[in-house]
Novice: 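Please see the structure below; I have some questions.
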Amino acid sequence: MYDEKKLEEIKMKREDWEKNHREKAIAKFPERKEEFKTSSEIEIKPIYTPEDVKGIDYLEKLGFPGEYPYTRGVQPTMYRGRFWTMRQYAGYGTAEESNKRFKYLLEQGQTGLSVAFDLPTQIGYDSDHPMAEGEVGKVGVAIDSLYDMEILFDGIPLDKVSTSMTINAPAAILLAMYIAVAEKQGVSPDKLNGTIQNDILKEYVARGTYIFPTGPSMRLITNIFEYCSKYVPKWNTISISGYHMREAGATAVQEVAFTLANAIAYVDAAIKAGLDVDEFAPRISFFFSAHNDLFEEVAKFRAARRMWAKIMKERFGAKDPRSMMMRFHTQTAGSTLTAQQPDNNIIRVTIQALAAVLGGTQSLHTNSRDEALALPTEDSVRIALRTQQIIAYESGVCDTPDPLAGSYYVEYLTDEIEKRAFEYIKKIDELGGAVKAIDLGYMQREIQESAYRYQMEIESGKRIIVGLNKFQMEEEPPKNLLKVDPQVEIVQREKIKKVKEMRDNARVEKALKALKKAAEGDDNLMPWILDAVREYATLGEITDVLRSVFGEYQQQIIF
Amino acid sequence: MERPIRVLVAKPGLDGHDRGAKVIARALRDAGMEVIYTGLRQTPEQIVEAAIQEDVDVVALSILSGAHNTLFPKITKLLKERGAEDILVIGGGVIPEEDIPFLKEHGIAEIFTPGTPTSAVIEYIKANVKRLAKK
Amino acid sequence: MMELEKLLLNRDKRAIARAITYAEDDEEKAREIIRKLYKRSGNAYIVGITGPPGVGKSTLTDRLVKNLVEEGKKIGIIAVDPTSPFTGGSILGDRIRMQDLTTHPNVYIRSMGTRGHLGGLSKGTYMAVRILDIAGMDYVFVETVGVGQSEVDIIKIADTVVMVLAPGLGDDIQAIKAGIMEIADVFVVNKSDREGADKTVLELNMMLDLDMPKEWRPPVVKAVAQEGKGIGEVLEKIHSHKEYLISSGQLEERRKNRIKMEITESVKNKLMKDVFAKMGNEEFDQKIQKVMAKEIDPYTVAEALYRQILERRE
């Protein structure tokens with residue numbers, strides 16, 4: 001961007017500034033810290049100048065919004081056209097209660113639904129399973145059969161909303177239930193819009209709601225890719241997530257690197273299963289965290305987009321531009337919220353949300369101030385949503401795409417993150433790919449190291465968290481936290497009983513047997529699961545059939 | 001030689017958020033303790049059985065799913081039934097302040113909420129372990 | 001004390017646990033229990049499971065034990081992991097892979113840190129095995145990390161040593177050859193569904209065939225413990241090694257050696273305790289100063305210390 005002569009001059013002047021100005025200033029007033037670093041341990045220089053971006057070819061590395069390599073965003077107009085989708089993750093208790101919350105959020109101007117499921121649902125246990133004790137309806141809604149799903153979306157036309165479901169190991173079953181509800185509403189599958197998370201690899205690495213071993217899990221995922229490319233073409237079949245790895249302690253670089261390494265594994269598996277890359281890749285979406293380090297986060301999003309475009313084009317030979325566009329959802333980082341002085345969390349969330357918007361996110365969930373304490377109350381959820389609306393309508397940051405482009409610092413960080421993340425990917429390739437690396441516990445260990453370092457930085461006072469290790473104060477314990485009614489467990493159990501009485505059990509039996517046979521062979525399992533779901537086979541019954549064929553995953557931990 | 005304090009770090013419930021449990025396990029190790037780590041999705045029965053077989057001084061529970069009011073008291077009850085109430089039981093995770101009195105009534109000695117430094121947990125264990133580390 | 005002994009003989013898990021704690025903490029009570037109940041020992045068959053980290057030792061142990069408990073066998077498992085020499089702490093994570101066995105009535109699992117003891121075992125392991133033996137276990141499995149010559153103590157404790165390897169550890173085979181090849185009675189190539197398994201098996205067999213001809217040629221078995229593959233065969237080889245030991249008189253020989261070793265270890269421990277006790281005082285510090293000042297040499301100090309301890313004992 002600059003000619004050699006100019007750069008030489010800048011260099012001279014900078015060196016002069018360092019000697020005659022900076023050092024003198026430091027001699028009088030030392031800097032706040034010995035060394036300045038981002039969360040990913042990228043050292044921050046005293047000043048950034050054109051020298052730091054001299055290697056960046058604008059057209060090759062940045063280009064224009066909506067054009068390869070998409071560094072500046074995936075749409076040509078970005079938020080000048082339309083804001084991101086404001087999507088708050090919600091759901092708790094019974095399907096009835098969650099249905100009410102959904103309707104409330106839609107009335108408040110939310111533009112898409114995001115369903116949280118309780119842990120038994122996520123791990124494939126019915127509410128009456130002994131392992132479900134104490135967990136039913138706690139962190140999300142309990143879904144045991146199609147009956148619950150019908151209640152969850154009662155009065156919500158599925159051809160009019162887009163629904164994101166945070167479901168992984170049993171994603172095929174919940175997607176089948178969603179399709180079956182749509183059928184009952186008279187909506188054909190090709191009209192359905194939404195996303196399933198369906199990202200099992202990060203479950204092994206960080207989030208922990210896995211069921212089956214890696215092999216059969218990868219099969220289920222490719223089955224979904226294939227089925228949806230034919231029958232549910234508008235559905236986002238996977239949301240490859242860095243969020244949970246970041247929450248588990250990963251740095252920004254690790255978040256990008258491990259997410260893309262997992263993505264490579266999914267694309268590899270699908271190609272191996274005989275799918276054409278441009279057939280399924282346009283439906284791949286991503287899910288990242290927005291953390292506190294504003295500039296590093298913006299750089300992270302930009303780097304991730306550029307890397308994905310490159311990977312799809314160069315590594316997988318994709319031709320369709322949509323295969324190369326990284327579209328992603330962002331959630332503000334829950335692990336940065338403090339239980340102390342919870343109102344401070346509103347400000348943290350604001351900064352993080354700003355990072356996501358400056359980074360060009362397609363949809364955003366802002367956390368509520370009380371999430372370090374319990375599930376958010378309705379008031380807190382509203383403030384979180386308003387935060388997004390204020391950024392969108394009042395801050396002015398949405399009026400030009402990628403407004404931080406050209407900042408020496410941000411461009412430098414973008415490059416640096418890309419470089420470091422590609423180094424990780426290279427290492428994972430050498431280990432035999434993401435699935436093998438996970439089986440070896442490699443990513444788990446790297447993340448654990450970062451988490452421990454972060455914690456020790458806080459405890460040593462090297463890292464300041466306002467209200468936690470500085471500016472503390474005496475506080476009254478917070479009041480008005482949301483409590484899940486313990487009755488939920490009983491209500492769900494009764495519903496299961498009722499469903500089992502009402503359905504045609506002989507037909508259920510038949511459907512489950514057919515599913516088992518299919519699982520033992522090589523068939524795409526989606527149609528068989530859909531059949532069982534339509535007969536009101538429960539989530540637990542279907543999962544048990546698959547467990548009996550596939551076995552269960554065993555956790556890999558290396559200290 | 002001083003006998004190390006033995007601690008079982010366990011995750012009851014179904015949530016997979018083991019960042020806290022792992023950080024604590026490492027911090028306790030670095031403080032010279034012997035940590036027995038049992039992994040995710042432990043039932044109260046498994047936790048109590050492991051605590052007995054490992055003859056630990058402390059059971060440290062971590063939970064973020066919200067099922068603490070059901071699972072923690074079950075663990076202390078089973079320990080009592082096995083005559084192992086001398087084991088110090090502590091808990092941590094996303095636990096609302098208002099649940100703490102209930103949990104303490106049910107034999108959980110202390111609850112550590114988010115933001116507690118690991119050093120506070122270490123100090124607490126050293127000060128309160130019942131079977132004292134001896135020469 | 002009487003109560004503990006009675007419970008121990010009934011295989012009460014809490015009693016076993018407490019007795020092993022005494023052993024680990026080197027308390028007199030542990031020796032007292034063994035002294036009183038020694039007649040009851042000698043019935044358990046001791047299997048050592050060793051190999052480099054990450055080859056799936058715990059999973060293999062888990063599967064072997066699951067097969068044995070189905071036959072109604074009673075089993076004790078001791079899993080030893082290294083203690084950090086810097087902090088004295090350790091994280092013992094082998095139970096993660098044996099979760100289903102935790103609540104089995106006929107299985108007892110104990111994790112131990114090496115607590116500064118070299119050789120791959122902890123000082124308490126020897127006595128812990130005895131205690132499980134006394135408690136009436138049919139088998140005691142001892143799992144240790146074994147990667148080099150410094151970690152071969154498992155041979156001193158086990159009747160049959162199973163060496164677990166996995167494909168893709170290419171360079172490690174050299175290390176193993178150099179160090180612990182000799183101690184294995186059965187080789188298991190675990191994770192054999194991975195690339196390179198056949199090569200590992202071949203290399204092992206070649207190495208074994210190059211060795212001096214022996215009465216017992218250690219077999220090499222392929223397994224995928226995670227999927228339960230090859231478990232039956234590993235057990236079979238353990239059994240046939242046991243038969244060989246009995247028919248050749250080697251079992252008696254091994255056990256005789258073990259008793260010798262137990263006695264030596266015990267003496268060594270007692271002496272070491274005295275030595276350390278002597279080293280903590282001011283008088284000793286002064287001697288060090290003298291050595292530093294070249295007034296005296298370290299060997300003379302050692303000799304004097306040794307004589308002091310002996311004299312006091314006499």
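Here the structure is a predicted model, which means the values were calculated and not measured. In what follows, chains are A, B, ... by sequence order, proteins preceding strands, each numbered from 1.
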Novice: Which one wins on heavy-atom pair count under 4.5 Å against chain A: B:His17, B:Arg26, B:Lys22, B:His68?
Specialist: B:Arg26
Novice: Given a strict heavy-atom distance threshold of 4.5 Å, which part of B:Ala27 is in contact with chain A: side chain, backbone, both, or neither?
Specialist: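 Contact with chain A: backbone and side chain both.
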Novice: Counting heavy-atom pairs closer than 4.5 Å to chain B, which one of A:Pro130, A:Ala206, A:Ala339, A:Gly249 comes out on top?
Specialist: A:Gly249
Novice: Starting from the C-alpha separation in whole Å, work towards a yes-or-no answer on side chain to side chain donor-acceptor pair (under 3.5 Å) for B:Thr118 and A:Glu459.
Specialist: CA-CA 8 Å; B:Thr118 57; A:Glu459 294 194 14; 2.7 Å; yes
Novice: Under a 4.5 Å cutoff for heavy-atom pairs, which residue among A:Ser335, A:Ala451, A:Ala132 has the most contacts with chain B?
Specialist: A:Ala451
Novice: What part of A:Tyr210 is in contact with chain B, defined as an atom under 4.5 angstrom from a non-hydrogen atom: side chain, backbone, both or neither?
Specialist: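 Both backbone and side chain.
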Novice: So for B:Leu71, is it side chain, backbone, both, or neither that comes closer than 4.5 Å to the heavy atoms of chain A?
Specialist: side chain
Novice: So does B:Val23 get a backbone contact from the side chain of A:Gln455, meaning a donor-acceptor N/O pair under 3.5 Å?
Specialist: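 Not at all, since once roles are kept as given, no pair shorter than 3.5 Å links the two residues.
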Novice: Taking every non-hydrogen pair under 4.5 Å, which of A:Ile123, A:Ile465, A:Thr209, A:Asp118 racks up the most with chain B?
Specialist: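 Counting heavy-atom pairs under 4.5 Å, the top option is A:Ile123.
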Novice: Any sub-3.5 Å donor-acceptor pair from B:Arg41's side-chain atoms to A:Gly208's backbone N or O?
Specialist: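 Such a contact is found between B:Arg41 side chain and A:Gly208 backbone.
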Novice: A:Gln448, A:Glu371, A:Glu203: which one forms the most heavy-atom pairs within less than 4.5 Å of chain B?
Specialist: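 The residue among A:Gln448, A:Glu371, A:Glu203 with the greatest pair count is A:Gln448.
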Novice: So for A:Pro120, is it side chain, backbone, both, or neither that comes closer than 4.5 Å to the heavy atoms of chain B?
Specialist: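 When you check distances to chain B, atoms from both the backbone and side chain of A:Pro120 fall under 4.5 Å.
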Novice: Report which part of A:Glu449 has an atom under 4.5 Å of a heavy atom belonging to chain B: side chain, backbone, both, or neither.
Specialist: both
Novice: Can the positive tip of B:Arg19 be found less than 6.0 Å from the middle of the six-membered ring of A:Tyr452, inside 45° of the ring normal?
Specialist: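 Here B:Arg19 fails the 6.0 Å and 45° test against A:Tyr452.
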Novice: Under 4.5 Å from any heavy atom of chain B, what part of A:Gln122 do you find: side chain, backbone, both or neither?
Specialist: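 Nothing of A:Gln122, per the 4.5 Å heavy-atom cut-off to chain B.
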Novice: Does A:Gln555 reach the main-chain N or O of B:Leu40 with its side chain, forming a donor-acceptor pair under 3.5 Å?
Specialist: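 Looks like yes, one N/O pair under 3.5 Å.
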Novice: Carefully, step by step, assess A:Glu133 and B:Lys74 under the rule side-chain contact (heavy atoms from CB on, under 4.5 Å).
Specialist: CA-CA 11 Å; A:Glu133 197 187 343; B:Lys74 207 168 162 189; 3.1 Å; yes
Novice: With a 4.5 angstrom heavy-atom cut-off, which part of A:Ile458 approaches chain B: side chain, backbone, both or neither?
Specialist: neither
Novice: Counting only non-hydrogen atoms closer than 4.5 Å, does B:Thr113 touch chain A with its backbone (N, CA, C, O), its side chain (CB onward), both, or neither?
Specialist: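 For B:Thr113, there is no contact with chain A at all, as no heavy atom is under 4.5 Å.
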Novice: Identify the two heavy atoms, one from A:Gly134 and one from B:Ala67, that lie closest to each other, and give their separation to 0.1 Å.
Specialist: O-CB, 3.0 Å
Novice: Enter the distance from B:Asn69:CG to A:Lys138:NZ here, rounded to the nearest 0.5 Å.
Specialist: 7.0 Å
Novice: Measure A:Glu135 against the heavy atoms of chain B and call it side chain, backbone, both or neither at under 4.5 Å.
Specialist: both
